Amino acid sequence: MNKHAIIIIGAGSAGYAAARTAREHVDDVAIVDSSEELGGLCILKGCMPSKTLIYMAEVMHHAKHGKTFGLNIPQVSADMQGVHARKVRLIDDFSSFRKENLQSKKFTLYRQPGRFINENTLELQDGTQLNADKFIVSTGSRIATPPIPGLRETPHWTSDDVLDIDFLPESIIILGGGIVACELSQFLSRMGTQVTQIQRSKQVLTDMDSKAVNIVQKAMRDEGINLITGTAISLIQKTEGLYEVTYEHQGATKTARAQHLFNALGRVPNTVGLDLQNAGVSCQPGGQIETDPYQMTSNPNIYAAGDVSGPDEVVHVALKQGETAARHALGVDTAPMSYAMPLGVIFTDPQLARIGPSDQELIAQGHDIVTADFPFDDHGKSMLMEALYGYVKLVADRNTGKLLAAECVGKDGGELLHMMTVPVQLGLTVHDLKGLDWYHPTLAEIWEYPLEDILEEITA
């Protein structure tokens, strides 16, 4: 029996943050990770590779539309082997520091899967038993395969495959309308693939405001993506070398055909094989581990952090959860997790970014809200950039002027949103921002206009 002060299971973003934080307070920190390659989902198969590819597709998109800017670029085509090689090189750079630290003498690293055999013992695949005062489970998430007729039986791509292709698919059907589906749909389309995207709901990105999503959907369709919403898939099969997806749409049965099929129907918590029930750890029906605001599970000696515990599959939340779990597990004073100020960015083009609750949630909380927005197609810098899709929007409390939320749908929306994340998170008012200097011409100065509109309305 090997005994450690604390054991972290899974070395992705949440697990590494937990291990690094724990190491600040105790010397004996062990990590159990059975993945093929150390580094975690974000670095290896998520955020960083996808945004690398998306940016390269954006460069190609601008080159294709050179005539709009008076440029003569006679031929533009994707060298997918070159694209793949650049991605690999960058991801190796990103992951090398993480791997070096995980394999250093700071931690005891076990590179095999483990399962709980009781409330404080983890048994590894080779039979080695590990005991600890505290555990943190941070095993992330895995690709979901919903019960759609034929999907499980038909070999198909996942995001792992799409992020690793070194050739240009001629045609592809993408199932789903979430963030991964939309981002990679646009990537493939811009590179030159004929894309059909099939979504069950009436809109993609179902957690976002319809006005914002409609702009993203229009941009995708304007670029040639065959985006079909409001469907019900009845059968998936492969016939004569082509994938066929049969679905109901607007009262008719239709069939889409393509050379490749991409399942982008979401992810689920990766708890398979952990035997959490043996440790007295409660999970929701979908597998998500239940935790309190300090990331403690129903077993007070076991914590969970990251995608495996939810509620949001985003890195900044996973990092905070890992740090919070480690500190609380080791008796270090720490603030509980709070999700009152959600922050998200979707890297389509236009990007969709928001901080703060939705307007409906703010009204339900008792706020008398006032909103103002301003479009990109009437803003000098975005007009000269031909970045005409979208708008910026501010939400404030009518009585106090306090900024409650901000939203940006448009060129570099994720970057522009951070002009307002600090004021919103600090609880500043529109009065606090009155009279600020906004350099002209910049994209960022677009925020001045909704600020002025709100000030006029609440002081009238």
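Side-chain atoms are counted along with the backbone in the values below, which use heavy atoms only and exclude waters and symmetry mates. Note that the structure is a prediction, hence the values are computed from the model and not measured.
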Next item on the list: Compute the ring centroids of Y303 and H328, then answer whether they are less than 6.0 Å apart.
Entry: yes
Check: Got a second to check how far D307's CG is from D312's CG, nearest 0.5 Å?
Finding: 9.5 Å
Notebook entry, point to check: Which pairs with one or both residues in residues 333-355 pass salt bridge (charged side-chain N to carboxylate O under 4.0 Å, His left out), sequence neighbours excluded?
Noted result: R190-D349, R354-D359, R354-E407
Check: Can a salt bridge be assigned to the pair K393 and D373 using a cut-off of 4.0 Å between side-chain N and carboxylate O?
Finding: no
Notebook entry, point to check: How would you list all residue pairs meeting salt bridge (charged side-chain N to carboxylate O under 4.0 Å, His left out) that involve residues 30-49, not counting sequence neighbours?
Noted result: D33-R111, E37-K99
Note to self: Does this structure show an ion pair linking R20 with E323, if we count only N-O contacts that are shorter than 4.0 Å?
What the structure shows: yes
Notebook entry, point to check: Should the ring pair H260 and W157 be called parallel, tilted or perpendicular, given that the plane angle runs from 0 to 90° and is split at 30 and 60?
Noted result: parallel
Next item on the list: Flag the pair H61 / F187 as yes when their ring centroid distance falls below 6.0 Å, and as no otherwise.
Entry: no
Checklist line | Exceeds 12 heavy-atom contacts within 6.0 angstrom, atom NZ of K402 | finding: no
Next item on the list: Classify the side-chain pair S141/E313 by whether it contains a donor and acceptor separated by less than 3.5 Å.
Entry: no
Checklist line | Which residues share a ring pair (Phe, Tyr, Trp, His ring centres under 6.0 Å) with Y389, sequence neighbours left out | finding: none
Check: With a 4.0 Å cut-off, would you call E58 and K411 a salt bridge?
Finding: yes
Next item on the list: Measure the shortest side-chain to side-chain distance between T239 and R257 over non-hydrogen atoms and say whether it is less than 4.5 angstrom.
Entry: no
Next item on the list: From the options T206, L205, L175, select the one residue that forms a side-chain contact (heavy atoms from CB on, under 4.5 Å) with Q199.
Entry: T206
Note to self: Looking at D133 and K3, is any side-chain nitrogen of the basic one under 4.0 Å from a carboxylate oxygen of the acidic one?
What the structure shows: yes
